[in-house]
Amino acid sequence: MGETSKNHIHDSVDAKSFSTSSSSRNVDQRSTELFYLLTTHNNAPEGSDEKYKAHVKLNEVMSKRSQVDNNVKHLGELLFGVEKGNEVLHSVRPAGQPLVDNWDCLKSYVKIFEVQCGRLTAYGRKHVRGIANICNAGITSEKMAAMSAQACSS
């Protein structure tokens, strides 16, 4: 199907990896919310409501991201097996080939996933390549729906 991307990261962003010591910082667009919350948390006075609220929200955002990552990973394992699931989801097609052979399939499968697992946020949309790979692998919409429901029910 293609090679596995070495720089297409599908893991939750670790908020602790942000350094807030620099006023000039490049932050991935998907990570701006985390960066904001971490900065708010770090700059708030110790023991303040502001620090507590930022901490709670940061944990909530990280938990939601982790859940999306785990749902997609579980879906890949259900569809392709534990050994091949991750490889298929992260496969990158050779240069010159489109992301997906059938764009209607991709739109449909994203909707199927969202119905079963919840709407994809900006962060969650990083998994669209994996869903495209599911289309490219010839998985039927019935199987996609059933496995999405199973992946997201646990």
Side-chain angles (χ1 to χ4, degrees), residues 2-92 99-100 103 105-135 137 139 141 143-154:
E3 65 182 55
T4 301
S5 171
K6 291 175 179 63
N7 56 5
H8 189 72
I9 300 171
H10 278 263
D11 296 325
S12 290
V13 174
D14 180 5
K16 293 174 184 74
S17 68
F18 291 122
S19 169
T20 57
S21 61
S22 173
S23 60
S24 174
R25 175 90 173 138
N26 291 330
V27 178
D28 181 279
Q29 186 174 1
R30 290 186 184 115
S31 300
T32 56
E33 182 181 22
L34 284 182
F35 184 74
Y36 168 77
L37 291 170
L38 187 63
T39 302
T40 301
H41 178 268
N42 289 345
N43 293 337
E46 206 57 48
S48 69
D49 272 353
E50 184 182 10
K51 190 171 198 87
Y52 173 75
K53 287 177 183 176
H55 179 77
V56 168
K57 183 68 175 170
L58 188 60
N59 284 340
E60 177 186 313
V61 169
M62 291 298 294
S63 177
K64 286 181 181 178
R65 285 178 171 218
S66 181
Q67 184 66 47
V68 169
D69 292 340
N70 289 334
N71 287 345
V72 172
K73 180 179 183 233
H74 192 197
L75 176 61
E77 291 171 351
L78 290 169
L79 291 171
F80 304 107
V82 175
E83 296 288 320
K84 297 287 277 181
N86 198 42
E87 180 183 332
V88 172
L89 291 177
H90 295 101
S91 179
V92 177
L99 173 68
V100 66
W103 290 97
C105 174
L106 178 58
K107 287 186 263 183
S108 170
Y109 283 22
V110 167
K111 285 180 185 172
I112 288 170
F113 182 84
E114 288 182 329
V115 165
Q116 300 299 331
C117 306
R119 189 151 173 83
L120 290 174
T121 62
Y123 174 79
R125 286 191 293 272
K126 73 178 193 168
H127 293 292
V128 169
R129 176 186 303 280
I131 297 172
N133 290 342
I134 292 169
C135 285
I139 300 297
S141 60
K143 188 168 185 179
M144 175 66 178
M147 295 301 104
S148 292
Q150 189 175 338
C152 298
S153 66
S154 51

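What you see is a predicted model, and the numbers here were worked out from it, not measured in a lab.
Separating the CD1 atom in Ile112 from the CE atom in Met147 is a distance of 12.0 Å, to the nearest 0.5 Å. Put simply, CD1 on Ile131 and SG on Cys105 are 10.0 Å apart, with the number rounded to the nearest 0.5 Å. To the nearest 0.5 angstrom, Asn70 atom CG is 9.5 Å from Glu77 atom CD. To the nearest 0.5 angstrom, Glu33 atom CD is 5.5 Å from Lys57 atom NZ. Rounded to the nearest 0.5 Å, atoms OG (Ser48) and CG (Asn43) are 10.5 Å apart.
Within the 3.5 Å criterion, the main-chain N or O of Leu99 finds no donor-acceptor partner in the side chain of Arg129. Remark: the backbone N or O of Tyr36 is paired with a side-chain donor or acceptor of Thr40 at under 3.5 angstrom. At least one donor-acceptor pair closer than 3.5 Å links the side chain of Tyr109 to the backbone N or O of Ser141. Proximity of a side-chain donor or acceptor of Arg119 to a complementary backbone N or O of Glu114 within less than 3.5 Å is not detected. A donor-acceptor distance shorter than 3.5 angstrom exists from the side chain of Ser153 to the backbone of Gln150, with no hydrogens or angles considered. A side-chain donor-acceptor contact under 3.5 Å links Thr39 to the backbone of Phe35.
Taking both residues in full, the closest heavy atoms of Val72 and Leu89 are given as O-CD1, 3.3 Å, listed atom of the first, atom of the second, then distance. Closest of all the heavy-atom pairs between Cys117 and Ser148 is SG-O, 3.8 Å.
Using a cutoff of 4.0 Å between basic side-chain nitrogens and carboxylate oxygens, Glu50 and Lys53 are not scored as salt-bridged.
Shown here are the salt bridge (Lys or Arg N to Asp or Glu O under 4.0 Å) partners of Lys111, two or more places apart in sequence or in another chain: there are none.
Within the 4.5 Å cutoff, no side-chain heavy atoms of Val68 are placed close to those of Thr121. His90 has its side chain out of reach of Asn133: every pair of non-hydrogen atoms, C-beta onward, lies at least 4.5 Å apart. The side-chain heavy atoms of Leu34 and Arg65, taken from C-beta on, include a pair separated by under 4.5 Å. Looking at Met144 and Leu75, their side chains come closer than 4.5 Å, going by heavy atoms from C-beta outward. Residues Phe113 and Cys152 meet the side-chain proximity criterion, which asks for heavy atoms closer than 4.5 Å. Counting heavy atoms from C-beta outward, Ile134 and Phe80 have side chains that approach closer than 4.5 Å.
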* To do: Start with the C-alpha gap between His55 and Asn59, add the side-chain angles, then the distance that decides, and say whether side-chain hydrogen bond (donor to acceptor under 3.5 Å, both in side chains) holds.
  => CA-CA 6 Å; His55 179 77; Asn59 284 340; 3.1 Å; yes
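One side chain, Asp69 or Tyr123, offers a donor N or O that lies under 3.5 Å from an acceptor on the other.
Within a 6.0 Å radius of NZ in Lys51, other residues, nucleotides and ligands contribute more than 12 heavy atoms.
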